[in-house]
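Right, one structure below, let's go through it.
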Amino acid sequence: MKKLIVKGGRTLKGTVTVSSSKNSILPLLAASLLSNGEVTLEALPAIRDVSTMIELLRRFGAKITNEKYSTVKIDPTTAMFVEAPYEIIKTMRASFIVLGPLLAKMGRARVSMPGGCAIGNRPIDLHLEGLKKLGACIDIEEGYILAKASRLRGNKISLNFPSVGATENLMMAASMATGETVIENAAREPEIVDLADFLRKMGADIHGDGSDTLHIIGVDELKPVVFRPIPDRIEAATYIIAGAMAGDTVEVKNIVPDHLEIVLSKLRTAGVQMEVFDNRCIVKGCKRFNAVDFKSTPYPGFPTDLQAQMMILLCLAEGQSVVREEIFENRFMHVAELKRMGADIEIKNRKAVIRGVKKLKGAPVMVSDLRAGAALLLAALVAEGQTVLNRIYHLERGYDNFVDKFIGLGADLKLSNEESLKK
Ligand code: UD1
């Protein structure tokens with residue numbers, strides 16, 4: 001199994017370009033099933049989650065071309081299978097968002113239930129209740145959701161939590177339903193707006209994206225589009241934090257500063273110096289930070305996907321910071337590993353109390369999920385000595401070309417498999 005060996009203490013300097021948003025592309029790939037012709041998606045990152053979703057579309061019978069390059073063409077008109085098998089859903093629970101488009105386009109779907117994951121229980125009740133409101137008949141059989149509807153019908157749906165995935169599933173399904181759907185307490189993330197832009201370009205009638213109420217008037221057909229997703233705000237912030245902790249001067253290109261408002265504001269409070277332009281940011285390295293309290297909440301709040309990375313910076317801050325995780329019940333898996341690197345963190349339920357230390361020290365660590373992996377990599381870059389990150393495949397799920405990007409900034413890291421480590 002691949003490991004990442006990081007020698008800490010190198011000063012980062014130079015420019016890094018952020019890739020397209022993973023969390024945008026996955027629903028866009030699913031939404032391409034709704035088209036009546038070939039959809040083109042540009043600037044795709046080389047990450048495992050994207051290949052997994054493409055593989056799933058291929059299993060439905062969609063014709064996929066050019067997938068090796070950053071442009072992929074999806075012709076869903078040849079798709080005739082409606083089963084999303086357990087072996088794919090278990091490796092990437094986000095693939096569950098094919099349920100809405102399959103149902104809207106094919107009238108039926110058989111999609112494996114995702115089950116829990118490393119960061120929490122992650123139920124799907126909001127997806128299923130919403131689809132029932134749109135007239136779908138839903139059964140559960142042998143771990144699979146069986147959904148049927150000859151034609152979905154618009155309705156009012158009120159989510160009891162602004163779930164990103166449920167909003168996406170329902171928005172895609174409602175785009176081809178009859179009549180109007182109103183989704184209240186919808187998620188407001190930039191990726192929702194990107195999906196709405198994509199669907200509108202296909203001919204969908206959607207209003208209110210970016211607010212908590214979506215209005216969708218169903219149409220009979222959606223047409224092919226050529227589309228480029230938004231930059232990945234989580235990747236962007238990960239490099240900004242790296243620049244702040246280990247940088248001399250690091251330029252992070254291809255960002256949308258509006259998508260990062262609360263994150264940039266918390267970083268400034270922590271003492272990070274940045275110059276922010278229209279689509280890039282220059283961050284200066286800093287030796288010591290101020291303690292900052294924050295909690296992860298739905299957008300426009302602080303993203304749960306950056307909670308772990310921000311915590312690394314606070315490990316080296318002056319004084320005590322308190323971090324509350326409000327989205328997922330088990331998203332402090334990185335903490336035990338960080339303690340092995342010398343961090344002083346105490347967990348009380350959904351709260352982490354971090355007392356700043358002068359330095360972190362390299363150690364072998366285990367990556368439990370994608371963002372925990374990013375956080376441990378940041379810790380390794382500033383730690384004294386060598387850190388070996390095990391189960392690095394989690395990072396490959398969502399960070400495009402991260403080894404070369406960090407090496408390009410001057411970091412000392414290399415991928416290795418077990419055999420070569422023994423030599
Ligand atoms: C998406 C993102 C993920 C991010 C998360 C929160 C993608 C591919 N993934 O995941 O990176 O961390 O948003 O910003 O875009 N919930 C329910 N019932 C449901 C659905 C969700 O109770 O039917 C709960 C979840 O357990 C969780 C919370 O709602 O506690 C947020 O989940 P949700 O917004 O749905 O996250 P995902 O769409 O899975």
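Being a predicted model, the structure only gives us computed values, none of them experimental. Along the sequence shown, the residues carry numbers beginning at 1. Indexing begins at 1, ligand by ligand and atom by atom, following the structure's order.
Residue contacts with ligand 1: Pro162 is placed with no nitrogen or oxygen under 3.5 Å of a nitrogen or oxygen of the ligand (distance criterion only). Taking any N or O of Arg371, backbone or side chain, none lies under 3.5 Å from an N or O belonging to ligand 1. By the 3.5 Å distance cut-off applied to N or O atoms, Leu26 is not counted among the residues near ligand 1. The shortest N/O to N/O separation between Phe161 and ligand 1 does not fall below 3.5 Å. Where the criterion is an N or O separation shorter than 3.5 Å, residue side chain and backbone included, Glu329 fails it with respect to ligand 1. The shortest N or O to N or O distance between Lys22 and ligand 1 is not below 3.5 Å. No N or O atom of Glu189 sits closer than 3.5 Å to an N or O atom of ligand 1.
Close approach of ligand 1 to Asn23 is summarised as follows: ligand atoms under 4.0 Å from at least one heavy atom of the residue are 2 (C), 3 (C), 7 (C), 8 (C), 9 (N), 11 (O), 15 (O). For ligand 1 and Thr304, the ligand atoms under 4.0 Å from any heavy atom of the residue are 6 (C), 12 (O), 14 (O). Distances below 4.0 Å separate heavy atoms of Arg331 from the following atoms of ligand 1: 12 (O). Close contacts of ligand 1 with His127, meaning ligand atoms under 4.0 Å from a residue heavy atom, involve 23 (O). Of all atoms in ligand 1, listed by their number and element, those nearer than 4.0 Å to a heavy atom of Gly165 are 35 (O), 38 (O). Ligand 1 places these atoms under 4.0 Å from at least one heavy atom of Ala94: 8 (C).
Of the listed residues (Tyr299, Phe96, Phe328), the one carrying the non-hydrogen atom nearest atom 5 (C) of ligand 1 is Phe328. Among Pro303, Pro298, Pro123, Ser21, the residue whose heavy atom sits closest to atom 22 (O) of ligand 1 is Pro123.
Contact check for Met113 versus Phe96: no side-chain heavy atoms found under the 4.5 Å cut-off. Using a 4.5 Å heavy-atom threshold, the side chains of Leu313 and Val292 count as separate.
The line from OG of Ser175 to CG of Leu195 is 7.5 Å long, rounded to the nearest 0.5 Å.
Taking a cutoff of 4.0 Å between a charged side-chain nitrogen and a carboxylate oxygen, Lys22 and Asp49 qualify as a salt bridge. Salt bridge status for Arg59 with Glu87: present, with a side-chain N to carboxylate O gap under 4.0 Å. Remark: Asp209 engages Arg200 in a salt bridge, criterion side-chain N to carboxylate O under 4.0 Å.
Under 4.0 Å from ligand 1, not a single heavy atom of Glu129 appears. Counting heavy atoms under 4.0 Å from ligand 1, residue Ile124 touches it through the backbone alone. Here Val164 has heavy atoms under 4.0 Å from ligand 1 in both its backbone and its side chain. Residue contacts with ligand 1 for Leu128 are absent, since no atom lies close enough (heavy atoms, distance under 4.0 Å).
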Working for salt bridge (Lys or Arg N to Asp or Glu O under 4.0 Å), residues Lys405 and Glu235: CA-CA 11 Å; Lys405 285 189 185 184; Glu235 187 197 7; 2.7 Å; yes

Ile282 and Val250: CA distance, side-chain angles, deciding distance, side-chain contact (heavy atoms from CB on, under 4.5 Å) verdict: CA-CA 6 Å; Ile282 296 177; Val250 170; over 6 Å; no

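Note on ring orientation: taking the six-membered ring where Trp is involved, the planes of Phe294 and Phe302 are tilted (angle from 30° to 60°). Note on ring orientation: taking the six-membered ring where Trp is involved, the planes of Tyr239 and Phe406 are tilted (angle from 30° to 60°).
Seen from the ring of Tyr144, Arg110 counts as a face-on cation partner, given the 6.0 Å and 45° thresholds.
In terms of the salt bridge (Lys or Arg N to Asp or Glu O under 4.0 Å) criterion, residue partners of Glu191 (sequence neighbours excluded) are, by chain and number, Arg233.
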